[in-house]
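Working notes for the structure below.
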Amino acid sequence: KPSHCRKMLILRNPDPGHLGMILMNFPFFHNKRWHLLLLFILVGVAFFPALKNEFTHWDDNLFVEDNLLVKNLSWSSLWTMFSTLQVGFYHPLTLLSFSLEYNVFGANPIAFHTTNVVLHLANTLLAFLFLFSLRKNFFLAFGAALLFGIHPLRVESVAWISGRKDVLAGFFFFLSLLSYLRYIDEKDNRFYYGSVFCSALCFMAKPICLLQPFLLLLIDFYRSRSFCLKLLLEKLPFFFISLLFGILTIKAQHEFGTIQDTFFIPLWQRGFMSGYILIFYLWKLIWPVNLAIAYPYPPLPADALPPWLLSGFICSGILLAALVWAFKRDKIDLVFGGSFFLILIVPNLQTIPVGGAMAYDRYTYLPALGFFFLAILLVQYGREKLLLFPIARTASAIGCILISLSLCNLTRARCEVWKDSMSLWNDELEQFPKFGSFLMNRGVDFLTAGKFVLALEDFENSLKNTDPSKHSFIHF
């Protein structure tokens with residue numbers, strides 16, 4: 001056959017321009033099952049070091065080690081989990097998963113870490129299925145899911161036992177989106193009810209997608225569904241769930257003391273800070289180095305706008321303008337990817353200051369998929385433009401492989417940082433040596449280990465760099 005002759009000619013007389021075509025002749029590149037196997041292998045290899053990690057004092061003691069509600073599984077404890085606010089959240093499913101593991105495996109950290117890694121593997125597969133069901137483009141779905149699975153910013157949610165909230169909520173989040181797509185395609189109300197049910201379960205693990213109704217409207221737009229009253233009525237249960245769990249979350253965070261006072265960031269500066277944080281997250285997704293447990297607020301004058309804050313706000317405004325331009329030009333892929341990221345990241349831009357830091361890696365767990373969708377779109381566009389230049393196509397393929405291996409390596413290295421509490425505190429304080437709350441945390445570990453001189457030094461430094469009302473004063 002002519003095609004067979006052409007293939008044999010290339011194989012017998014290879015030149016640099018045909019290296020990519022030679023590689024493409026192997027069955028691996030045509031069998032989609034092999035691609036999915038590769039996806040699982042790369043994600044598993046990236047997060048394998050997490051299985052050797054211990055419990056940390058970064059909330060693991062509150063959720064598992066010292067939590068009597070988790071240790072003593074009974075009907076009474078189940079009622080308490082589902083009827084009260086615990087550790088700053090309403091997340092009964094997360095607590096239930098911890099309780100089941102503790103009562104089966106005891107205080108064995110490998111069991112908890114294994115569950116987190118398995119859930120992340122499942123989420124990677126579900127992310128692939130969601131994008132493939134949405135776009136019917138295997139390369140796009142595979143590439144975005146691969147980046148989602150192996151990116152170093154996933155480490156906090158996966159290698160941290162208390163990060164169970166993110167991976168468990170993500171599991172039900174993707175199931176909800178997949179059910180909603182099946183409902184659109186098959187017009188079967190069972191999938192609609194399944195989507196609502198999975199959405200409720202997602203919020204019971206963690207309120208990770210407070211703006212999910214708008215995400216469903218975005219899917220409607222992408223699928224060219226006619227905007228009408230029925231479309232809005234479909235979203236009423238999702239709006240109700242989001243509103244209910246949003247109120248519960250604010251109440252729980254306020255009672256737990258993680259919502260900062262209004263003087264912490266002046267109201268007029270919060271919009272500028274949100275724009276800066278948006279650019280900060282995007283940069284970390286592009287260049288995931290110098291990662292940390294928490295990123296403190298830079299020094300912020302109360303009566304002025306520093307250049308870094310103003311420039312971040314302007315850049316975020318340019319990106320929003322680009323999104324509007326894409327909408328007007330009917331670039332629906334660009335609109336979907338950008339809006340997916342934006343809808344899920346907006347609640348984490350510190351409009352209501354929560355926690356003692358500006359940003360956390362775990363806040364990008366779900367939003368990052370929208371960014372990776374755009375990144376693979378760009379790669380696909382470049383491959384199409386290079387169709388007539390085999391050498392360039394080969395170089396781009398090699399570049400993609402090297403980037404994937406680099407991300408795997410960075411993720412493995414980051415997992416090792418989470419091996420125990422002291423490793424975490426030291427890593428954070430190497431980057432931010434004056435971060436008061438982490439000086440206090442390390443001081444507590446020194447105190448527990450009987451290293452009183454080192455504990456005293458950390459407590460003294462903590463008092464110099466944080467609000468004196470913090471716990472460091474008590475430990476001091």
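Side chains included, hydrogens not; waters and symmetry mates left out as well; all remaining heavy atoms used. Along the sequence shown, residues are numbered consecutively beginning with 1.
The nearest pair of heavy atoms linking L285 to H151 is O-NE2, 2.9 Å. Contact between P152 and R414 at its shortest, heavy atoms only, is O-CG, 4.5 Å. Contact record, S133 with R223: O-NH2, 2.7 Å, taken as the closest heavy-atom pair. Minimum interatomic distance between D166 and S157 (heavy atoms only, all atoms of both residues): OD2-OG, 3.0 Å. Heavy atoms only, all atoms of each residue included: H113 and A159 are closest at CE1-O, 3.1 Å. Nearest heavy-atom pair across I208 and A169 is CG2-CB, 3.8 Å.
Atom-to-atom distance recorded for W58:CH2 and E428:CD is 7.5 Å, nearest 0.5 angstrom. Once rounded to the nearest 0.5 Å, the distance linking CD1 of I277 with OG1 of T351 reads 8.0 Å. Summarising the geometry, atom OG belonging to S274 is positioned 10.5 Å from atom CG belonging to N348; distances are rounded to the nearest 0.5 Å. Rounding to the nearest 0.5 Å places OH of Y297 at 11.5 Å from CG of L309. Distance CG/L282 to OG/S316: 9.5 Å, rounded to 0.5 Å. For the atom pair F132 CZ and F139 CZ, the distance stands at 14.0 Å (nearest 0.5 Å).
One N or O on the side chain of Q350 and one on the backbone of A357 form a donor-acceptor pair closer than 3.5 Å. Checking side-chain atoms of N53 against main-chain N and O of C415 turns up a donor-acceptor pair under 3.5 Å. Formation of a donor-acceptor pair under 3.5 Å by the K251 side chain with backbone atoms of G246 is not found in this model. Looking at N461, its side chain does come within 3.5 Å of a backbone N or O of E457 through a donor-acceptor pair.
Applying the salt bridge (Lys or Arg N to Asp or Glu O under 4.0 Å) test to every pair with at least one member in residues 349-365, sequence neighbours left out, gives these pairs: E156-R362.
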Derivation and outcome, side chain to side chain contact (heavy atoms under 4.5 Å, CB included), residues L131 and L369
CA-CA 10 Å; L131 292 178; L369 186 63; 3.9 Å; yes

For a salt bridge (charged side-chain N to carboxylate O under 4.0 Å, His left out) check, start with the C-alpha distance between K451 and D458, then their side-chain angles and the critical distance, and finish with the verdict.
CA-CA 11 Å; K451 300 178 180 179; D458 275 351; over 6 Å; no

Report the C-alpha separation of V155 and W160 in whole Å, then their side-chain angles, then the decisive distance to 0.1 Å, and conclude whether the side chain to side chain contact (heavy atoms under 4.5 Å, CB included) test is met.
CA-CA 7 Å; V155 171; W160 179 34; over 6 Å; no

Could you walk me through whether F438 and I293 pass the side chain to side chain contact (heavy atoms under 4.5 Å, CB included) check?
CA-CA 10 Å; F438 285 90; I293 315 169; 3.8 Å; yes

For E234 and K230, run salt bridge (charged side-chain N to carboxylate O under 4.0 Å, His left out): C-alpha distance rounded to whole Å, both residues' side-chain angles, the deciding distance at 0.1 Å, then the answer.
CA-CA 6 Å; E234 284 178 356; K230 178 180 180 295; 2.9 Å; yes

Can you check side chain to side chain contact (heavy atoms under 4.5 Å, CB included) on L402 and I398, steps first, answer last?
CA-CA 6 Å; L402 291 177; I398 293 173; 4.1 Å; yes

Determine, stepwise, if the pair T364 / R154 fulfils side chain to side chain donor-acceptor pair (under 3.5 Å).
CA-CA 8 Å; T364 68; R154 305 285 77 76; 2.7 Å; yes

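Taking R135 as the reference, Y222, D333 meet the side chain to side chain donor-acceptor pair (under 3.5 Å) condition, with sequence neighbours excluded.
Aromatic ring centres of H120 and Y365: separated by under 6.0 Å. Here the two rings, on F138 and F128, have centers that are under 6.0 Å apart. Aromatic ring centres of F55 and F112: separated by under 6.0 Å. Here the two rings, on F435 and W425, have centers that are 6.0 Å apart or farther. Taking the six-membered ring where the residue is Trp, the centroids of F272 and F313 are separated by under 6.0 Å.
Residue K328 qualifies as open at atom NZ: its count of foreign heavy atoms under 6.0 Å is 12 or below. Heavy atoms of other residues, nucleotides or ligands lying less than 6.0 angstrom from NZ of K419 number 12 at most. No more than 12 heavy atoms of other residues, nucleotides or ligands sit less than 6.0 Å from atom CZ of F48. The number of heavy atoms from other shown groups lying within 6.0 Å of OH (Y192) is above 12. The number of heavy-atom neighbours closer than 6.0 Å to OH of Y381, taken from other residues, nucleotides and ligands shown, is 12 or below. Within 6.0 Å of the CZ atom in F239, the count of heavy atoms belonging to other residues, nucleotides or ligands exceeds 12.
The only member of D59, N116, T56, V64 that meets side chain to side chain contact (heavy atoms under 4.5 Å, CB included) when paired with S162 is D59. Just one of F327, F340, F214 meets the ring pair (Phe, Tyr, Trp, His ring centres under 6.0 Å) condition when paired with F221; it is F327.
Between L69 and Q86 the shortest side-chain heavy-atom distance falls below 4.5 Å. Side chains of I161 and F98 form a contact here, defined as non-hydrogen atoms less than 4.5 Å apart. Counting only heavy atoms from C-beta outward, the side chains of F172 and L126 never approach each other to under 4.5 Å. Contact check for F372 versus L146: no side-chain heavy atoms found under the 4.5 Å cut-off. Contact of the L463 side chain with the E460 side chain is not registered, since no non-hydrogen atoms from C-beta on lie closer than 4.5 Å. Residues T124 and L121 fail the side-chain proximity criterion, which asks for heavy atoms closer than 4.5 Å. Y183 has its side chain out of reach of S179: every pair of non-hydrogen atoms, C-beta onward, lies at least 4.5 Å apart. Between W418 and D427 there is no side-chain heavy-atom pair separated by less than 4.5 Å.
Of the N and O atoms on the side chains of Y295 and N290, not one donor lies less than 3.5 Å from an acceptor on the other residue. There is a side-chain donor-acceptor pair under 3.5 Å between N137 and Q380.
Aromatic ring orientation, Y90 versus F245: tilted (interplanar angle from 30° to 60°). Between F130 and F174, the ring planes are tilted. Angles from 30° to 60° get that label. By the 30° and 60° cut-offs, the orientation of the rings of W308 relative to Y276 is perpendicular.
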